[in-house]
Structures are given as C-alpha cells and as structure tokens.
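What follows is a single structure, written as structure tokens, with notes after it.
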Amino acid sequence: MDRLEEARRCIRRAEGLREQLHRRPELGHREVETTRLIRETLRNCGVEVLELGLKTGAVGRIVGGRPGRGKLLALREDIDALPIQEETELPFASQVPGVSHACGHDIHTAALLGCAELLSRRREELRGEVLLLFQCGEETFDGAAEMLDHGVFRPRTPDALVGFHCAPELPVGTVGIRRGISSASCDVITIRVRGRGGHGAHPEGCVDPVVIGAGLLTQLQTVISRENRATDPAVLTFGEFRGGTAPNVIPDEAVLRGTLRTYSGAVRRHHLGAVERITQSFCAAFGAKGTVTVEKGMPPLVNDLELCRALEASVERALGPGHVAEGLAPSMGSDDFSCLLEACGGHGVQYQLGTALEEVPNSALGLHAAKNVFPSQALEPGILTLAQFALDYLA
Ligand SMILES: [Zn+2]
Ligand SMILES: [Zn+2]
C-alpha cells in the first residue's frame with residue numbers, strides 16, 4: 001500500500017470514530033466509554049496501552065524501529081465533553097441529553113487515534129518513542145494534574161510535548177501557531193463571606209453577607225483597574241454569586257466564585273494576593289469573615305520558540321506551503337495543556353487547528369456554542385500535522 005492510500009485509510013477510520021465519540025459525549029472524569037473505545041482502538045492498531053491506574057483517560061506508546069535511544073515525544077489531546085445541550089442537527093448529534101462535544105474534543109480524540117494508527121504503521125521510520133496522551137477532564141481544569149499524579153511522565157520526561165486545539169476562527173486546512181504566549185493562566189477562586197443571619201425585618205441584629213458580598217464584588221474590580229499594569233493582560237470574572245434562600249431571610253453566608261487569568265506568574269501571584277487582602281479587610285470592616293480558596297490552577301501556556309519553528313516546517317511538509325496562519329493573537333482562555341508543558345520544562349507547542357468551512361453553516365460560531373459544527377474535514381489536517389511532526393522530530 002502506498003503512503004497516500006495508507007493515510008487515507010487512517011483518516012477514514014478516524015472519521016467513523018469521531019462520529020461514534022460525538023454521539024456519546026461524556027463529561028470530565030466520566031469518560032468511561034470514550035476511554036474503552038480509545039484503548040480498544042489503540043490495541044487494534046498495534047499500539048501498547050500503558051497501565052497507569054487511570055480511571056479515565058489513556059496513554060499509548062509507540063517504540064520506534066530505528067536503532068538508538070532517540071527522543072521521547074508526547075502527543076496530547078483531551079477527550080471530555082461539556083454540559084451543553086447540542087443544537088447542531090448533525091446526523092450524528094449527541095444522544096446524551098444536556099451533554100455535547102461543543103469544544104471539539106471528539107475531533108481531538110479521533111485525530112490522535114488516526115495519528116496513532118499512522119505512526120504505528122510507520123514505526124520503522126522512528127528513532128525514539130511516542131507517548132499518546134488521551135487526557136481526561138480538561139474542561140474541569142484538573143485532568144492534566146491527575147494524569148501527572150499517575151506518573152504519565154515517569155520514569156522519563158518527554159523531550160517535547162505537542163498537541164492542537166480546534167479553532168473555529170480559522171478555516172479548515174489552516175494551522176495557527178502562536179509563538180510564545182498562547183493562552184492564559186487560570187485559577188478558580190472561591191470566596192466565602194460569613195456573616196450572621198436572621199429575620200429580614202431586623203438587619204440591625206444581623207451581619208448581612210449578601211450586602212457585604214455585593215460590595216466586595218465591586219471592590220474586587222479594582223484589582224484589574226487599579227493594581228494591574230495596563231500592559232499586562234489580566235481578567236478577573238466572578239460568574240457565580242450565591243446567597244440566601246428566601247426574600248425575607250438574611251442568610252449566614254454568601255459565596256462568590258470566579259476565575260483569574262493572566263499571562264505571567266508574577267502577575268498571577270500578585271493578583272491572587274490582592275484578592276485575598278481585599279476580601280479579608282473588606283469583610284472585617286463590616287464584622288464578617290471573608291475566606292479565599294484558590295483551586296485547580298494552571299500556569300500560562302507559553303509555546304517553545306524553537307519547536308514552533310520546527311512545527312511550522314512540519315506543517316508545510318504535511319499540508320504544503322501557505323497553511324500557517326500569520327499574526328495570531330494570544331487568547332485569554334486557558335488549557336491545562338500548560339500543566340503538562342510545565343512538567344516538560346516548557347518544551348512544547350499547542351497549536352490551533354482551523355475548523356471553519358464556508359460550505360458548512362455554523363462552523364465559525366465559536367467554542368462552547370451549542371450550534372457550532374466542527375466539520376470532519378478538519379480531521380485530515382489534524383492527523384497529518386501531528387503525524388508529520390512526530391516523523392520529523394524522531395527521524
Ligand atoms: Zn473548552
Ligand atoms: Zn477545549
């Protein structure tokens with residue numbers, strides 16, 4: 001079989017797998033069927049599946065056939081879905097009410113499976129090893145950390161880590177590579193304002209956490225407007241504010257939950273400290289107690305410049321010239337690819353895979369949109385660019 005026909009077959013199989021995954025989306029850490037399908041597919045194409053004791057998520061390994069120790073390359077994609085009701089009307093739309101692959105992770109998973117098959121068939125050309133990371137729980141912010149805890153990078157730390165994310169703002173066949181900063185750090189902040197509840201008619205006998213929480217929410221806006229240098233991108237958003245159960249009852253507690261996103265570790269540390277300082281002092285001024293907990297953090301994602309150049313060359317080899325989008329702005333979104341990247345000493349790249357097609361309506365709406373369609377045509381450039389990079393890096 002010639003190379004082209006071999007690649008075509010891998011792509012066709014990946015298309016079938018993608019539809020299967022899309023029909024049965026699973027939320028983070030509940031990707032049981034998805035994991036089963038990944039493991040089965042890897043085994044069927046002769047890829048070793050590592051036993052790391054993961055509940056969900058999977059890791060495959062391909063050992064190259066060329067003599068010599070060679071490098072270790074990790075390819076990573078995420079596999080989880082979102083709690084969003086799909087509204088695409090695709091023939092293979094989600095059959096699970098309220099859950100869908102609105103972030104394109106079904107494309108990610110299927111592309112890495114297609115790439116696994118292709119590399120498995122061409123393993124004689126590789127010197128070194130490829131780790132195939134199918135990461136659980138990206139949307140829940142903690143899947144990468146869990147995989148690291150299970151020793152995905154033990155005993156050997158990869159020399160490079162590469163993966164992509166679907167990008168509805170780019171056309172199919174185009175790849176975006178952000179040199180340096182690619183996406184932001186993200187920390188989930190929970191603030192508890194503890195007051196003293198009572199009857200709504202007698203606030204004088206209470207310490208009202210709803211009023212204090214509301215004041216605190218506006219004070220916290222000064223972290224970005226007054227304490228942040230204007231040239232340092234940072235966003236602080238509180239998307240959740242809970243307090244009370246009835247209109248005539250002052251509750252004991254109000255809870256605010258939000259996210260802080262930055263491009264640098266120093267800015268991240270300063271702002272988290274500012275949130276803590278303002279919360280404690282502001283609540284104390286009104287006789288309440290404010291506590292801040294920060295969880296599920298991830299550092300900013302900074303792509304390695306040398307690997308960006310190597311990837312650009314591989315993309316050109318795989319897709320031809322003119323397929324790398326220029327001047328792509330970094331994103332204030334986040335991806336816990338950055339946790340894995342940090343564990344690899346920063347030696348890696350996450351690139352953007354275009355998924356917009358003019359002839360496919362709603363393919364450019366955006367990530368996490370119920371109506372956005374990720375066309376299967378994006379699988380071919382996804383598989384070919386991942387595989388080409390591996391073939392070049394381990395040549
Ligand atoms: Zn997402
Ligand atoms: Zn995503």
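Ligands are counted one by one from 1 in listed order, and the atoms in each one are counted from 1 as well.
- Salt-bridge check for Glu124 with Arg66: failed, with every basic side-chain N at 4.0 Å or more from each acidic carboxylate O.
- Listed by chain and number, the protein atoms of type N/O/S under 2.8 Å from the Zn ion (ligand 2) are Cys103 SG, His105 NE2, His165 NE2; waters are omitted.
- For Phe92, the ring-ring contact (aromatic ring centres under 6.0 Å, His included) criterion is met by His22, not counting sequence neighbours.
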One pair to check against side-chain hydrogen bond (donor to acceptor under 3.5 Å, both in side chains): Ser185 and Thr262. What are the steps and the verdict? CA-CA 5 Å; Ser185 71; Thr262 70; 2.8 Å; yes
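- Ring geometry for Phe164 versus Tyr351: interplanar angle of 30 to 60°, hence tilted.
- Taking the ring-ring contact (aromatic ring centres under 6.0 Å, His included) definition, one finds that Phe282 meets it with Phe286, sequence neighbours left out.
- Applying the salt bridge (Lys or Arg N to Asp or Glu O under 4.0 Å) criterion to Arg261, with sequence neighbours excluded, gives no partner residue.
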